[in-house]
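Each chain gets a letter, A, B and so on, in the order the sequences are listed, and its residues count up from 1.
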Protein chains: 2
Amino acid sequence: MKKEITIYDIAADVGLSPTTVSRALSNHPRVKEVTRNKILHAAKNMGYQSNIFASSLRKRRSKSIGVIVPRLNSAFQSSVLAGMEKIATQAGYNLIISQSMESLEKEISNTKIMFNSRVDGLLVSKAGTTDNIEHFQPFFQKDIPVLFFDRVPENNHCTGVVINNTQAIYDATAHLIKEGCKRIVHVLGNLQINVYADRLKGYKYALMDHGFVFNADNVFTNELDEDSGERIVEKILKLNPRPDGLLVSNDTSAASCLIALKKRGIKVPEDLAIVGFNNDLISRMVEPNISTINYPSYHMGEVAMKNLINHLDDENQEILQKTNTITLRSALIIRDSSKRRH
Amino acid sequence: MKKEITIYDIAADVGLSPTTVSRALSNHPRVKEVTRNKILHAAKNMGYQSNIFASSLRKRRSKSIGVIVPRLNSAFQSSVLAGMEKIATQAGYNLIISQSMESLEKEISNTKIMFNSRVDGLLVSKAGTTDNIEHFQPFFQKDIPVLFFDRVPENNHCTGVVINNTQAIYDATAHLIKEGCKRIVHVLGNLQINVYADRLKGYKYALMDHGFVFNADNVFTNELDEDSGERIVEKILKLNPRPDGLLVSNDTSAASCLIALKKRGIKVPEDLAIVGFNNDLISRMVEPNISTINYPSYHMGEVAMKNLINHLDDENQEILQKTNTITLRSALIIRDSSKRRH
DNA sequence: TAGAAGTATGCAACCGATTTCAATACATTT
DNA sequence: AAATGTATTGAAATCGGTTGCATACTTCTA
């Protein structure tokens, strides 16, 4: 392997000490302008490349941030990541990304790797089965900031960036009621996840506030994947009286339901009104367009990263410690799949 | 900050030298079984955490791999990344990910960052405007393997993982012809990108082989985003005679076209048959389902990462150097949007 | 039993940038 | 001209793990 150019080589070249070279390269003010230029020039000429390992070893920080998501190949998550990457790069941080595959075990293992990689901060959206946060203890102990997004732990020691899931589904439910729905089915994912637990609350509250009685039979816990529609619709058809409103916690599943319904000749929204969640591309592409909750995913990535980095750079640790939750604005988007009045 | 536990602390604790501790921790064979166990035990007890900076500095490798994609928030890319992450994690490599936003400038800057981060290898899908690969020179010079995927440079010094884009569109075109289409429009992205240039070839060859004359008016270069349908359909309607086949280089755009066509009362596939590309979720969800090319994105991520890591681990550098291109199987999936015969 | 061969451990020199403390050079003030 | 202050620079220790070479200790062979 070719020899690397180090600050010592530069120092020898320009006849100064490594100390001065180091200072010049990091724009330390206590180096004469002329000297600095001479050094920068030599560095460029010699093809100098700073060694981040040496630097990180000495400075005890890596200038990198870890991100753990349940799955990389999800429209929502990749949009969040895009927002994070933008901010991180701007601020000179690297992004180390891994996925937990919705498994607590993998999440623990990923957390360890991130810790060993000495990330300066960690951003996490929990796996479905994660019910404790023991495995983040090493981070807490070393005061390495951990910030959760979307799926946050119940524990309120942790800072999280979220939307108001309860409110969002409250609004969606109220909307369906206003459209004349009498029996609304709510389909959601694993209730261990705050996101879904909160939404269920919103559904209940809205029913209550509008004089409806909550009925557990109308709540389905389900995978929300591409094929879920068939299973969900089968269940719906077994209910008597037949539901006339459907609230699905993700647009992919909502679209899948829509297709399954149409296949059976059930009209949307006339026979059954649908509202999805996320405002994914798919909600705008199927027919009828699916009403949904706009989830500002890209923005969530930006906000989460910005907060974490602010915390790191300004050394005003307290801000994040005192902040408990950052709630982003989400909004109901009404489209044809739920318009039953004229 | 609390003091870190180092191998020196462990050494002092068990009454051995740091050398032996280091060897024991990295499973070096020249340490007695008993000694090793004693050391591992102490390490665990004392809460030892290896310092990768010190290790990387000395060993001159980072155990991390860089990935540069045009955009993170794309169904295709995020699926590729998911495949890469799986393999990388299994092999003990970290993933440092960044996006070029389709800009050469950002790609260059990202490349520099990756180089400075001393990734052990680099995986790249080129930005649209990238027409040279000068900026990877530092990697080539230092013999750090760079592997391209999907969007690869023309230059055939580089190893790439791709599908046979020419064949894919050839098949799609031939299919449309077989379905009775006489005038087929092909919509694709920036022709600087090999992916689209190759597809255009496939389109031309297929026309030729079936006795059609290629007509440049039938080729549109376009953004292939969610809103592209309106613009594309407007252009189509200006053509005379009216086209009866549409080959769109991405499913999002194909779906967008489908919607724009339906809005105008043009029947798919009767008046106009459509074939998309990628086999994204959306192609299966719209009505009619869109015929498309199955692009094995997850698999591409796995294969690319596996090859890169093999190369790194086995030290048999030659394999990758001698491999020019790895082509994955893609296949035409025929759905309702292009079935015109009974 | 001497000598060879092998096994287990340690010494000390790295890897390359940063930073504390101190020294020197230079400018300004009285 | 002396004193004080300020701007530049440098020596050396440090971050923590790895590794070539040396040494001590076993075991085996002739």
Side-chain angles (χ1 to χ4, degrees), chain A residues 1-40 42-43 46-64 92 115-118 120 142 144 315, chain B residues 1-40 42-44 46-64 92 115-118 120 142 315:
Chain A
M1 193 189 295
K2 241 201 302 187
K3 213 204 153 291
E4 300 269 342
I5 305 292
T6 73
I7 54 168
Y8 298 93
D9 301 322
I10 300 179
D13 190 71
V14 297
L16 286 163
S17 73
T19 308
T20 307
V21 174
S22 172
R23 291 212 182 94
L25 290 171
S26 53
N27 273 328
H28 193 289
R30 268 161 56 172
V31 178
K32 223 200 298 185
E33 183 81 21
V34 191
T35 315
R36 183 202 321 289
N37 287 140
K38 194 164 61 176
I39 290 172
L40 292 181
M46 303 171 71
Y48 169 75
Q49 179 200 4
S50 152
N51 188 314
I52 47 151
F53 302 136
S55 170
S56 294
L57 174 60
R58 186 60 229 247
K59 289 202 292 196
R60 297 161 155 277
R61 60 196 316 233
S62 62
K63 273 281 177 177
S64 69
F115 188 66
N116 279 323
S117 303
R118 314 223 167 199
D120 291 341
K142 264 184 78 181
I144 301 170
E315 296 289 350
Chain B
M1 193 190 296
K2 240 199 305 184
K3 215 204 151 291
E4 300 271 341
I5 305 292
T6 72
I7 54 168
Y8 298 93
D9 301 323
I10 300 177
D13 191 71
V14 297
L16 286 164
S17 73
T19 308
T20 307
V21 174
S22 171
R23 292 212 181 95
L25 289 171
S26 52
N27 272 326
H28 192 289
R30 267 161 59 171
V31 178
K32 226 199 296 183
E33 185 80 22
V34 191
T35 315
R36 183 201 321 289
N37 288 139
K38 193 164 60 176
I39 291 172
L40 292 181
K44 190 155 197 178
M46 303 172 71
Y48 169 75
Q49 179 200 5
S50 153
N51 187 315
I52 47 151
F53 301 137
S55 169
S56 294
L57 174 59
R58 184 62 228 243
K59 288 203 293 194
R60 298 158 156 278
R61 56 195 320 228
S62 62
K63 272 281 176 180
S64 69
F115 187 67
N116 280 322
S117 303
R118 312 221 170 201
D120 291 341
K142 265 183 79 182
E315 296 289 349

Here the gap from Phe53(A) atom CZ to Arg58(B) atom CZ, rounded to the nearest 0.5 Å, amounts to 14.5 Å
Nearest to side-chain heavy atoms of Tyr48(A), which nucleotide of dG10(C), dG17(D), dA17(C):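 Of all the options, the side chain of Tyr48(A) is nearest to dA17(C).
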Please evaluate residues Thr20(A) and Ser17(A) with respect to the criterion side chain to side chain donor-acceptor pair (under 3.5 Å), reporting the C-alpha separation (whole Å), side-chain torsions for both, the decisive distance (0.1 Å), and the verdict. CA-CA 5 Å; Thr20(A) 307; Ser17(A) 73; 3.3 Å; yes
Base versus backbone protein contacts along nucleotides 23-28 of chain D [heavy-atom cut-off under 4.0 Å; B, S, -]: ------
Return the value, rounded to whole Å, for the distance between atom [atom1] of [X] and atom [atom2] of [N].
X: Ile39(A); N: dT8(D); atom1: CD1; atom2: C1'; value: 11 Å
X: Arg58(A); N: dA12(D); atom1: CZ; atom2: P; value: 16 Å
X: Ile10(B); N: dG16(D); atom1: CD1; atom2: C1'; value: 11 Å
X: Met46(B); N: dG16(D); atom1: CE; atom2: P; value: 13 Å

Sub-4.5 Å side-chain heavy-atom contact between Met46(B) and Asp13(B): yes
Check whether any side-chain heavy atom of Ile5(B) lies under 4.5 Å from a side-chain heavy atom of Gln49(B), and answer yes or no.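 With C-beta onward as the side chain, the pair stays apart.
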Assign Tyr8(A) to base, sugar-phosphate, or nothing according to its heavy-atom contacts below 4.0 angstrom with the strands shown.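 Base, at least one base atom sits under 4.0 Å.
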Could you check whether Ser22(B) gets within reach of a base, just the sugar-phosphate, or nothing at all, counting any heavy atom under 4.0 Å? base
Identify all pairs in which a protein N or O lies below 3.5 Å from an N or O of nucleotides 6-9 of chain C, and state each distance.
{"residue": "dT9(C)", "atom": "OP1", "partner": "Thr35(B)", "partner atom": "OG1", "Å": "2.8"}
{"residue": "dT9(C)", "atom": "OP2", "partner": "Lys32(B)", "partner atom": "N", "Å": "3.0"}
{"residue": "dT9(C)", "atom": "OP2", "partner": "Thr35(B)", "partner atom": "OG1", "Å": "3.3"}
{"residue": "dT9(C)", "atom": "O4", "partner": "Arg30(B)", "partner atom": "NH2", "Å": "3.1"}

Looking at the base of dC15(C), is there any donor atom on it, or on the side chain of Arg60(B), that sits under 3.5 Å from an acceptor on the other one? no
With distance as the sole criterion, do the side chain of Thr19(B) and the base of dT19(D) form a donor-acceptor contact below 3.5 Å? yes
Test item: Asp9(B) side-chain N/O and Thr6(B) main-chain N/O as donor-acceptor pair under 3.5 Å: yes
